[in-house]
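Structure first, then comments.
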Amino acid sequence: MTRLKLSDIIDDKPVKITIEIPVRLHRELTTYAVVLNGGDAKNAPNPDKLIPPMIERFISSDRAFAKARRSVQEVENEG
């Protein structure tokens, strides 16, 4: 079985935003959803459900961001 970086989709209280993505990216997200669903296109999640957990995963794995965030929080705590 293929190990994907995205493993589950948590249904959390949403904040609505609108974005435009290239059609190529939409196709890739659709394909990713099918693969995530074990190859079953019928019950695959909608691409818009994949974007938030993908962004969360990206942010949580960005070491430079984590370091910068700690620096900002330290400055805020000192002030």
query = Going from CG on Leu50 to CD1 on Ile55, what distance comes out if it is rounded to the nearest 0.5 angstrom?
reply = 11.0 Å

inquiry  = Please say yes or no: joined through hydrophobic side-chain contacts below 4.5 Å, possibly via intermediate residues, are Val23 and Val34 part of one cluster?
reply    = no

query = Once you round to the nearest 0.5 Å, how far does NE2 of His26 lie from CD1 of Ile51?
reply = 8.0 Å

key: Close side-chain approach of Tyr32 and Glu28, heavy atoms under 4.5 Å   = no

ask   = Roughly how far, to the nearest 0.5 Å, is the CG atom of Asp48 from the OG1 atom of Thr18?
value = 11.0 Å

query = Out of curiosity, Ile21 CD1 to Arg27 CZ, how far, rounded to the nearest 0.5 Å?
reply = 10.5 Å

inquiry  = Between Asn77 (side chain only) and Gln73 (backbone N and O only), is there a donor and an acceptor less than 3.5 Å apart?
reply    = yes

Residue pair Asn37 / Ala44: nearest heavy atoms and the distance that separates them = ND2-N, 3.3 Å

remark   = Result for side chain to side chain contact (heavy atoms under 4.5 Å, CB included) between Val72 and one of Glu76, Glu74, Arg70 points to Glu76

ask   = Hey, does the side chain of Asn46 reach the backbone of Lys49 with a donor-acceptor pair shorter than 3.5 angstrom?
value = no

message = Can you tell me how far apart CZ (Arg24) and CG (Leu29) are? Round to the nearest 0.5 Å.
response = 10.0 Å

query = Do Ile19 and Ile59 share a hydrophobic cluster (ILVMFWY, side-chain heavy atoms under 4.5 Å, transitive)?
reply = yes

